[in-house]
Structures are given as structure tokens and as C-alpha cells.
Student: 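Structure provided below as C-alpha cells; questions to follow.
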Amino acid sequence: MAFNAKPYCSTTAKPPTPAAHRSPSGPSPCISVRAAAVSPRARHSAYGLSAAGNASSSTVRLRALAQRTRAQPQPPRRRPEYVPNRIDDPNYVRIFDTTLRDGEQSPGATMTSAEKLVVARQLARLGVDVIEAGFPASSPDDLDAVRSIAIEVGNPPPGDDGGAHVPVICGLSRCNRRDIDAAWEAVRHARRPRIHTFIATSEIHMQHKLRKTPDQVVAVAREMVAYARSLGCADVEFSPEDAGRSNREFLYHILEEVIKAGATTLNIPDTVGYTLPYEFGKLISDIKENTPGIENAIISTHCQNDLGLATANTLAGAHAGARQLEVTINGIGERAGNASLEEVVMAIKCRGELLDGLYTGINSQHITLTSKMVQEHSGLHVQPHKAIVGANAFAHESGIHQDGMLKYKGTYEIISPDDIGLARANEFGIVLGKLSGRHAVRSKLVELGYEISDKEFEDFFKRYKEVAEKKKRVTDEDIEALLSDEIFQPKVIWSLADVQATCGTLGLSTATVKLIGPDGEERIACSVGTGPVDAAHKAVDQIIQIPTVLREYGMTSVTEGIDAIATTRVVVTGDVANNSKHALTGHSFNRSFSGSGAAMDIVVSSVRAYLSALNKMCSFAGAARASSTEVPGSASVQRAE
């Protein structure tokens with residue numbers, strides 16, 4: 001039996017190399033066991049076990065060494081200097097994050113400009129190479145958001161000595177001048193701006209959507225790439241939409257033409273998630289072999305998840321020669337979503353030796369925090385069994401698994417939770433409760449990976465004390481729920497002061513709600529409903545008076561026990577006028593807005609979530625009205641003609 005896989009692929013928490021395979025110079029940074037030169041006893045030892053399966057003295061020593069090894073992370077490989085159309089290190093893979101563009105197209109995932117800016121800052125800390133910040137031509141608010149990100153995230157911070165990572169800031173556009181003008185206006189303020197333009201190339205799209213001949217499509221693509229370069233943008237990405245179903249020879253031809261026109265990155269999208277991994281890998285390798293001038297551009301992938309193959313297709317594309325991978329945090333996106341950044345990055349990190357030594361510039365210890373931030377701001381929470389970032393990803397309930405984990409973590413964990421910034425152990429033995437002070441609570445926040453301002457901490461600490469008075473022990477999950485409810489919220493326009501509800505079998509459910517308005521004045525309303533939550537929401541509607549439709553309502557318990565904190569998520573739509581355009585179809589659509597809230601009382605939690613969604617709606621509508629006259633021609637966007 002041959003052992004060809006590493007039992008533990010963490011870089012921050014690796015097990016030691018067994019003595020039988022240790023080089024004279026010291027322990028190797030990873031394990032690679034080959035059966036041809038290993039005895040059966042040595043093969044057992046490679047997993048920290050004696051031949052008889054008992055914990056020998058040598059095994060104990062190995063475990064002790066493993067604990068020391070966990071504290072010695074390997075230094076990251078240096079990120080190559082950015083050049084738009086080439087990468088000096090052939091093993092380096094650029095990570096292109098489109099959470100703020102494609103990810104936000106998920107129903108209910110609308111984010112305000114302020115929320116997008118916060119997420120963009122976190123993506124920069126994560127180390128993504130390119131941030132696709134939005135589709136500027138879709139609405140004035142989206143253009144403003146992309147412009148803000150270009151200014152604040154796309155440039156070095158004040159006082160920087162050149163050590164800070166500054167990502168490329170990209171704006172999406174269809175192949176028409178108005179879209180490209182809007183994209184350039186938004187991204188030109190960044191140190192490294194990029195315009196990403198696209199047009200469909202599959203027969204079904206050209207015939208039924210564009211109603212153009214292949215020659216006309218090539219002419220439009222060539223002209224628009226050249227136009228983007230003429231504006232002064234030295235970094236232009238071109239995507240042949242629905243490349244997975246496009247004719248190969250036509251694909252080679254249009255890619256050749258846009259390279260001649262100045263395209264620096266060629267993105268190959270599997271727009272409908274149709275291809276299988278071997279097909280997509282073959283597509284990338286065929287493009288690499290048959291497209292004239294391909295050596296002057298970077299090949300990129302963009303895989304949708306309609307058949308659940310987005311991550312597999314993306315990795316197949318990277319193995320075949322793609323050196324930019326388009327992904328989203330948590331895999332969010334239209335329909336079934338996109339390739340997941342955390343899955344792609346950790347697969348490359350964990351199995352890089354089978355991918356010809358590929359690596360990325362991602363600081364994986366920011367993955368957990370980034371995932372949670374996107375969940376809260378988008379309102380799209382991941383399922384418990386989601387790979388890498390799901391609640392159960394590092395949970396072991398089976399007795400056999402628990403036994404193996406207690407003996408040696410490499411038995412059932414191929415990735416250390418530390419690698420993605422998921423740290424639960426408290427080395428100081430601090431247990432938080434109602435007597436815990438500011439220093440202890442702040443230390444816990446730092447331990448969990450959260451860095452917040454003094455003002456944000458004071459607001460959070462007030463909520464913490466309210467909960468701690470009612471609970472004997474405050475868990476990590478409680479803290480994160482409160483933090484999300486207090487910090488990861490849209491701009492406060494209406495805030496909750498008080499709510500009182502009565503319900504039962506003896507009469508109608510009633511609720512009285514007191515809100516503090518944008519002018520600082522208190523407003524009170526009382527209403528009846530089918531239950532206490534319905535009554536409270538109707539009372540809120542009486543005060544705010546914005547017509548809305550509740551599309552989704554869900555509640556979960558953060559922890560076990562009758563005193564658990566309840567988290568609520570709602571999705572609402574309203575009659576808020578906006579000029580938002582869909583990136584692919586060009587059609588106007590009515591945005592939906594999500595909100596979340598947390599409290600030990602389910603009615604309070606529900607009202608907080610409802611207000612969060614309404615505040616987001618108000619912020620978006622206000623921004624749209626304020627900027628609608630600032631961007632000429634932004635109110636109507638032409639189709640990709």
C-alpha cells in the first residue's frame with residue numbers, strides 16, 4: 001500500500017516529520033511518505049502511531065515536537081511585482097475577487113457603499129490581487145462606491161513606506177462606450193486601475209441575445225478594447241461570455257484580435273456552469289496552445305457553480321495554465337454562485353505539489369474574518385457543512401473521529417483551523433461573564449481576530465454587559481453574534497429605543513415600538529398582528545412609512561440552552577426607485593435588501609433585523625437620489641449593441 005498524500009497540509013500547524021524520514025539538517029516542513037523505501041513499521045510511525053497501535057515513548061516525543069512545530073509558521077513566498085500582462089514567477093496565481101460585483105448580484109445581497117468599502121478594505125488585508133469593485137454603469141450609487149474603493153483601497157495608506165499591499169481595482173463594463181466611460185471614471189483614481197469588458201461569444205448568445213453575426217461581435221470587441229486603452233487604462237481585461245459553450249476556432253480568433261487591440265488579461269468564463277473539470281482544463285490548454293499572441297496576456301478563469309463544479313473547474317484551469325482565478329468569498333453569486341475563494345486558495349495551499357507548485361499571495365489567516373464579514377453585510381449565511389468556513393468544517397462528533405483527533409489531529413484534519421484564522425483556544429484561561437472588564441473583553445475580540453475602533457468597542461461593550469447580566473457564561477459564538485449586530489450594520493438612520501409585546505391564546509398580539517429617527521426625535525407606535533413579531537413589524541411600518549414586502553424571515557439560535565442569543569435574518573423589497581441595471585442582461589431590476597439582528601428576546605432580535613434592512617434601503621435610496629444628477633448619462637445604460 002503506497003502512501004502518496006500528506007496526512008496534514010497545514011503551514012501553521014504541521015505535524016513533525018517522522019524520524020525515519022528526517023534529514024540530517026532537521027525536520028522537513030512537510031511530510032511526504034513513499035512506500036517504496038518505507039517499512040510497514042515506518043509507515044505506521046509516519047502517522048504518529050507505533051506498529052502495534054499503542055502510544056510508544058517515541059510517539060510521545062513526536063507529539064511534543066508537533067506542539068513546538070505548530071508555533072513556527074513558514075514565511076510566505078514573495079508576491080511578484082505586478083505587471084498587467086505577465087507574471088515573472090510562472091508558479092504564481094493571481095486571485096481576482098468579484099464578491100462586490102458578481103457576489104452582490106445574489107438576491108438579497110445588496111450592500112451599501114459604506115459596506116462595500118469596509119469589505120474592500122478587508123479583501124486588501126486578505127491579500128487578493130484584484131478587487132472587482134462593481135459595475136459602475138449599473139447605477140450612480142454603484143459608480144460612487146467603486147470610485148470610493150479606488151481612492152481609499154486602491155492607493156497606499158498615508159505614511160506607507162511601500163510595504164503595504166495595494167490591490168488592482170477593477171470595474172466591469174459591457175462592450176459599449178458608455179459602460180467603459182463609467183468604469184474608467186470610477187477606477188481611474190486607483191494606483192492600478194483596470195477595466196473589465198465583455199461580450200457574448202457562444203452561438204446561442206450571439207443569435208438570441210445580441211442578434212449579431214460572429215464578425216460583428218469580433219469587430220465590437222476589438223473596437224471597445226482599443227477604446228478602453230485609448231482612455232489611458234493600461235490594464236484591460238476581456239471576457240468572451242459563455243466561453244464554455246463557444247466554438248473553439250471562433251474563440252481563438254476573437255482572443256487574438258483583442259490581444260492585438262491591447263487586452264492584457266483574457267478571462268475564460270464558464271458562464272452557466274456547464275463544463276466538467278477535464279473539459280474546462282482542456283479548454284484552457286487549447287486556448288494557450290492555439291491563440292496567437294497569448295504569450296502577451298494572462299489567462300484567467302471564471303467558473304459558475306450550477307453543477308457544483310466551480311472550484312474543481314477553477315483548479316483544473318489553473319493546472320492547465322491559467323494564472324488568474326476569479327472567485328468570491330463564500331462562493332456567493334448569481335444562481336448557484338461562483339468558485340469559492342477559500343476553497344480554491346486552501347486547495348492550492350494544501351495540494352500545491354500536485355498543481356506543479358502553484359501558490360497565491362493570500363494571507364489565509366484572514367479567511368474566517370472575511371467570510372463572516374461578507375455573511376453579515378450581504379445577509380447570505382453559509383450552510384454548516386460549507387467547506388473551510390462552515391460551522392461544522394472543524395467539528396468532530398463521531399466517537400471514532402474524536403478518538404483519533406485526541407490522539408493525533410492529522411487523523412481527521414488535513415487543514416489546521418489556525419490556518420484560516422479560526423482560533424478557539426484561550427491560552428490565558430479567560431472565561432467571560434458579567435464581571436469581565438473591558439480589558440478581558442477586548443483581549444477576547446483580538447483573539448477572535450476582530451480589530452475595532454474605540455467608539456465601536458464602547459458600543460459593543462454596552463451590549464455585552466446587557467447580555468452578560470442575563471447569562472452565566474458568554475461564549476465566543478455569543479460575542480460574534482453581538483459584534484455582528486452592533487458593528488456589521490448599515491448606516492444607522494432609524495434606531496431601536498424600546499419594544500414591548502404581549503401575546504398568547506387569550507387575545508390579539510400587540511406591540512409597542514419606540515424608534516429614534518434621523519433627526520434624533522423619538523417616535524412611538526402601537527399595532528396588533530397575528531403574532532408578536534408581526535405586530536412589532538407593523539408598528540415599525542407605521543413610524544417609518546416605507547412600503548415594503550417581507551420576502552424572507554429566518555431565525556437561528558447561536559448556542560444551545562434556553563438563554564441562547566437569537567439571530568434573525570430578513571429580506572425585504574420596496575418601492576424604492578432606482579436605476580440599477582443587471583450586468584449581463586442590461587435590464588432594470590428592483591433590489592432586495594437583507595438585514596440581521598441579534599438579541600436574547602426573539603421579538604427584539606426580529607425588530608433589529610427589520611430595521612437593519614430598512615436602514616440599508618433608506619441609505620441606498622438616499623445615495624441614489626443624491627448622485628443621480630452627478631453622473632451624466634448614468635440614468636440609462638444602453639444594451640451591448
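Positions are given from 1, in the same order as the sequence printed here.
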Student: May I ask you to check whether K386 and S340 show a side-chain donor-acceptor distance below 3.5 Å?
Tutor: yes
Student: Would you mind reporting whether D478 and Y464 have side-chain heavy atoms less than 4.5 Å apart?
Tutor: no
Student: Does E132 come within less than 4.0 Å of R194, counting only side-chain N to carboxylate O?
Tutor: no
Student: Between the side chain of E115 and the main-chain N/O of T112, is any donor-acceptor distance below 3.5 Å?
Tutor: yes
Student: When you compare the side chains of N338 and H302, does any donor N or O come within less than 3.5 Å of an acceptor on the partner?
Tutor: yes
Student: If we only count heavy atoms from C-beta on, is the V130 to P167 side-chain gap below 4.5 Å?
Tutor: no
Student: Looking at OG1 of T98 and CG of N267, how far apart are the two atoms once the value is rounded to the nearest 0.5 Å?
Tutor: 9.5 Å
Student: Pairing donors with acceptors under 3.5 angstrom, does anything connect the side chains of Y610 and T568?
Tutor: no
Student: Indicate yes or no: at least one non-hydrogen side-chain atom of T573 is less than 4.5 angstrom from one of T548.
Tutor: no
Student: I195 and S173: which non-hydrogen atoms are nearest, and at how many Å?
Tutor: CG2-OG, 3.8 Å
Student: Is there a donor in the side chain of D97 and an acceptor in the side chain of T99, or the other way round, less than 3.5 Å apart?
Tutor: yes
Student: Start with the C-alpha distance between S594 and K616, add both sets of side-chain angles, then the distance that settles side-chain contact (heavy atoms from CB on, under 4.5 Å), and finish with yes or no.
Tutor: CA-CA 8 Å; S594 64; K616 189 178 292 187; 3.7 Å; yes
Student: For the residue pair T264 and N85, confirm or rule out a side-chain donor-acceptor distance under 3.5 Å.
Tutor: no
Student: So which heavy atom on F460 is nearest to which on L482, and how close?
Tutor: CE1-CB, 3.8 Å
Student: Could R463 and D459 be called an ion pair, given the rule that one side-chain N must be under 4.0 Å from one carboxylate O?
Tutor: no
Student: Could you tell me if the ring centre of Y359 sits under 6.0 Å from that of Y92?
Tutor: yes
Student: Between S606 and Y553, does a side-chain contact (heavy atoms from CB on, under 4.5 Å) hold up when you go through it step by step?
Tutor: CA-CA 9 Å; S606 300; Y553 175 92; 2.6 Å; yes
Student: Do D142 and R101 sit within salt-bridge range, that is, some charged N less than 4.0 Å from a carboxylate O?
Tutor: no
Student: Could you point out which residue of I414, T360, I367, T311 forms a side chain to side chain contact (heavy atoms under 4.5 Å, CB included) with M346?
Tutor: I367
Student: Contact between E466 and M600 at the side-chain level, heavy atoms closer than 4.5 Å - yes or no?
Tutor: no
Student: From E241 CD over to I199 CD1, what is the distance, rounded to the nearest 0.5 angstrom?
Tutor: 9.0 Å
Student: Do E456 side-chain atoms and S453 backbone N/O form a donor-acceptor pair below 3.5 Å?
Tutor: yes
Student: Checking N305 side chain against G331 main chain: does a donor-acceptor pair fall under 3.5 Å?
Tutor: no
Student: Would a distance-only check, ignoring hydrogens and angles, find a side-chain to backbone donor-acceptor pair under 3.5 Å from T301 to T314?
Tutor: no
Student: How many angstroms lie between CG in L117 and CD1 in I151, if you round to the nearest 0.5 Å?
Tutor: 10.0 Å
Student: Regarding H196 and S239, is there a side-chain donor-to-acceptor distance under 3.5 Å anywhere?
Tutor: yes
Student: D242 and D270: side-chain contact (heavy atoms from CB on, under 4.5 Å), yes or no, with the steps?
Tutor: CA-CA 6 Å; D242 204 20; D270 182 20; 5.6 Å; no
Student: Are any of the side-chain heavy atoms of V118 and M373 separated by less than 4.5 Å?
Tutor: yes
Student: List the steps, then state whether side-chain contact (heavy atoms from CB on, under 4.5 Å) holds for V119 with M111.
Tutor: CA-CA 10 Å; V119 172; M111 287 183 265; 4.1 Å; yes
Student: Hey, could you give me the CG/CD1 distance between L341 and I362, rounded to the nearest 0.5 Å?
Tutor: 5.0 Å
Student: Would you indicate whether the side-chain heavy atoms of F198 and E237 approach each other to under 4.5 Å?
Tutor: no
Student: Between D129 and R79 (salt bridge meaning N to carboxylate O under 4.0 Å), is one present in this structure?
Tutor: yes
Student: Would you say the side chain of S592 lies within less than 4.5 Å of the side chain of R551, judging by non-hydrogen atoms?
Tutor: no
Student: Would you say D419 and S364 are linked by a side-chain donor-acceptor pair, where the criterion is simply a distance under 3.5 Å?
Tutor: no
Student: Can you see which heavy atom on L315 is nearest to which on A347, and at what distance?
Tutor: CD1-CB, 3.7 Å
Student: Minimum heavy-atom separation for I493 and C618, please, with both atom names.
Tutor: CD1-CB, 3.4 Å
Student: Flag the pair R335 and D306 as a salt bridge only when some basic side-chain nitrogen lies within less than 4.0 angstrom of an acidic carboxylate oxygen.
Tutor: yes
Student: For a quick test of reading the model, state the closest non-hydrogen atom pair linking A186 to P136 and the distance between them.
Tutor: CB-CG, 3.8 Å
Student: In terms of side-chain heavy atoms, does D144 have a donor or acceptor partner in S113 at a distance below 3.5 Å?
Tutor: no
Student: Looking at side-chain heavy atoms only, is the closest gap between K444 and I479 below 4.5 Å?
Tutor: yes
Student: Rounded to the nearest 0.5 Å, what separates atom CG in N155 from atom NE2 in H189?
Tutor: 10.0 Å
Student: Please check: side-chain N/O of R147 versus main-chain N/O of V187, any donor-acceptor pairing under 3.5 Å?
Tutor: no
Student: Taking the six-membered ring of F457, is NZ or CZ of R442 closer than 6.0 Å to its centre and within 45° of its axis?
Tutor: yes
Student: Would you say Q383 and H381 are linked by a side-chain donor-acceptor pair, where the criterion is simply a distance under 3.5 Å?
Tutor: no
Student: Between T370 and Q122, do the side chains contain an N or O donor and an N or O acceptor separated by less than 3.5 Å?
Tutor: yes
Student: Once you round to the nearest 0.5 Å, how far does CD of Q365 lie from OG of S416?
Tutor: 9.0 Å
Student: Verify, without hydrogens or angle tests, whether S300 (side chain) and L266 (backbone) share a donor-acceptor contact under 3.5 angstrom.
Tutor: no
Student: For residues G103 and T328, report the shortest heavy-atom separation together with the two atoms involved.
Tutor: N-CG2, 4.3 Å
